[in-house]
Amino acid sequence: MARAEPIRRDWLAKTLAGTVLGLTLGLGCSAVFSVLATGLPLPVRAQLAMWMVAPIWLGTLSGCYFFADGWRAWRGLGLANLAVFGAWALLRQFLS
């Protein structure tokens, strides 16, 4: 019978990556949505942008445990944040 691998001890690093970088990723996605949805009335756009942060944040937090280790979680989510905030900056520059 195959022996199971021991539980990895980097769950704290993954949890912190999902918590911190998941929040910033959710905020960045909300900002990109807000820039792209200028055709919607402001109250509707603001409510949609506000309420989309929590599902993205919690989805990222729950998905961060699929990374092989804590360093990869920080690196992957950091790159995702750079991509989202870079897209937000470009959209803001060219659509405003």
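For reference, positions follow the sequence shown, starting with 1.
Without hydrogens or angle criteria, Asn81 side chain to Leu21 main chain gives a donor-acceptor distance under 3.5 Å. For the pair Thr60 (side chain) and Ile56 (backbone), a donor-acceptor distance under 3.5 Å is present.
Distance check, rounded to the nearest 0.5 Å: CD of Gln47 to CG of Leu40 gives 12.5 Å. Distance check: Leu42 CG to Ser34 OG gives 8.0 Å after rounding to the nearest 0.5 Å. Distance check: Arg45 CZ to Ser30 OG gives 10.5 Å after rounding to the nearest 0.5 Å. Considering OG1 of Thr19 and CG of Leu58, their distance stands at 9.5 Å, rounded to 0.5 Å. For the atom pair CG (Leu90) and CG (Leu95), the distance works out to 10.0 Å, reported to the nearest 0.5 Å.
Nearest heavy atoms, Cys64 versus Lys14: SG-O, 3.1 Å. The two residues Pro55 and Trp51 have their closest heavy-atom pair at CD-O, 3.1 Å. When all heavy atoms of Val53 and Leu23 are compared, the pair lying nearest together is CG1-CD1, 4.3 Å.
Linking ILVMFWY residues whenever their side-chain heavy atoms come closer than 4.5 Å, directly or via other members, places Phe67 and Trp11 in the same cluster. The same ILVMFWY cluster, assembled from side-chain heavy atoms under 4.5 Å apart, contains both Phe85 and Val35. Tyr65 and Trp57 sit in two unconnected hydrophobic clusters of ILVMFWY residues. Membership requires side-chain heavy atoms under 4.5 Å apart, directly or through other members. Hydrophobic cluster membership differs between Leu79 and Leu27, with clusters built from Ile, Leu, Val, Met, Phe, Trp and Tyr side chains linked at under 4.5 angstrom. In the hydrophobic clustering of ILVMFWY residues, with side-chain heavy atoms under 4.5 Å counting as a link, Phe94 and Phe33 come out apart.
Counting non-hydrogen atoms of neighbouring residues, nucleotides and ligands closer than 6.0 angstrom, the CZ atom of Arg92 reaches no more than 12 such neighbours.
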